[in-house]
Amino acid sequence: MVELDRNTILKQMGITQWVLQDAQAGENPAQDVPLSQAQPVLDKASVNEPPAKAGGDVKAIAQPAPGVTPVAPSQTAEPKLLSLESLRAEVAECVACALAKARTQTVFGEGPDQADWLFVGEAPGQQEDRQGQPFVGRAGGLFTQMIKALDKSREQVYIANTLKCRPPGNRDPLPDELQACEPFLLKQIQLLQPKVIVALGRISAQALLRSDQPLGRLRGQVYQYGPNQIPLIVTYHPAYLLRQPADKAKVWADLLLAHRQIPL
Ligand code: URA
């Protein structure tokens, strides 16, 4: 397959140009700018969008930031096993909620154990349920482009979901399903210890941050996740972007914010 360069990928994402911080828009063509210094050219609406409220209803999972309320640990029993592979096996046997009955298979997630980046989506769709891998359907195509725009391949990042089983008809996960599955994702994060977490979409963001704020309010800031204060960034879900391509520039801004959290 022909390797696409980042400009081509960004073009496919609907982003044709970005500029150095403090530079005039249009003066620095994309090809001259290293990723570490890149800034998206945002449309007016996204520049004017109110920043997410610091604190507010956002609750850190552990080590809450000042003004942030700690939350009680999940009521569901913690998975006990200690490696990602044993956790995968435990997930494959899970019957903790009704989704187990309808699934073809669980979708645990994939990527290297030492991945710097962890992307957390919502739940498997039809293709993911069939293939047992995350983000392999239509939204997955755009997701893969997003990764490539970061000069990464899918194989270099870890991809997981809030739910490990497909909700029928791709409906939103129910609260009891999220609660039953949460310990698996928390354990996954604990074992992976990525350098940055990107929550893709409202369901993932609200679950990880234990917030009921809308996605637009959760975007645009860096959260410190868990006892090791892993930076967490919220962005739109690729499936949403397929419906609202105009918001791709906002996603690119979020990805650059996430990129900046990784120590050089
Ligand atoms: N949407 C998600 O949130 N996750 C997947 O794995 C596929 C589609």
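Nothing fancy with the numbering, it's 1 onward along the sequence. Order of appearance sets the numbers: ligands from 1, and atoms from 1 within every ligand.
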Would you say the side chains of K164 and Q188 form a donor-acceptor pair under 3.5 Å? yes
Will you find, in the side chains of S83 and E85, an N or O donor that is under 3.5 Å from an N or O acceptor?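 Their side chains do not contain a donor-acceptor pair, so the 3.5 Å distance test is not met.
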Polar side-chain atom of E155 near backbone of G111 as donor-acceptor pair, under 3.5 Å: no
Would you say ligand 1 has an N or O under 3.5 Å from any N or O of F135? yes
Indicate yes or no: does an N/O atom of N161 lie under 3.5 Å from an N/O atom of ligand 1?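 It does: an N or O of N161 is found under 3.5 Å from an N or O of ligand 1.
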Residue [X] vicinity, atoms of ligand 1 by number, heavy atom under 4.0 Å:
| X | value |
| --- | --- |
| H237 | 1 (N), 2 (C), 3 (O) |
| P134 | 6 (O) |
| G121 | 3 (O) |
| E122 | 2 (C), 3 (O) |

Mind checking the CG-CD spacing from D212 to Q206? Nearest 0.5 Å is all I need.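 Output value for this atom pair is 6.5 Å.
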Can you tell me how far CZ of R138 sits from CD of Q127, rounded to the nearest 0.5 angstrom?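 CZ of R138 is found 12.0 Å from CD of Q127.
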Please state which option from G137, P238, A123 has its nearest heavy atom closest to atom 8 (C) of ligand 1.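 Result: the heavy atom closest to atom 8 (C) of ligand 1 is in A123.
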ILVMFWY cluster, L218 and I230 together (side-chain gap under 4.5 Å): yes
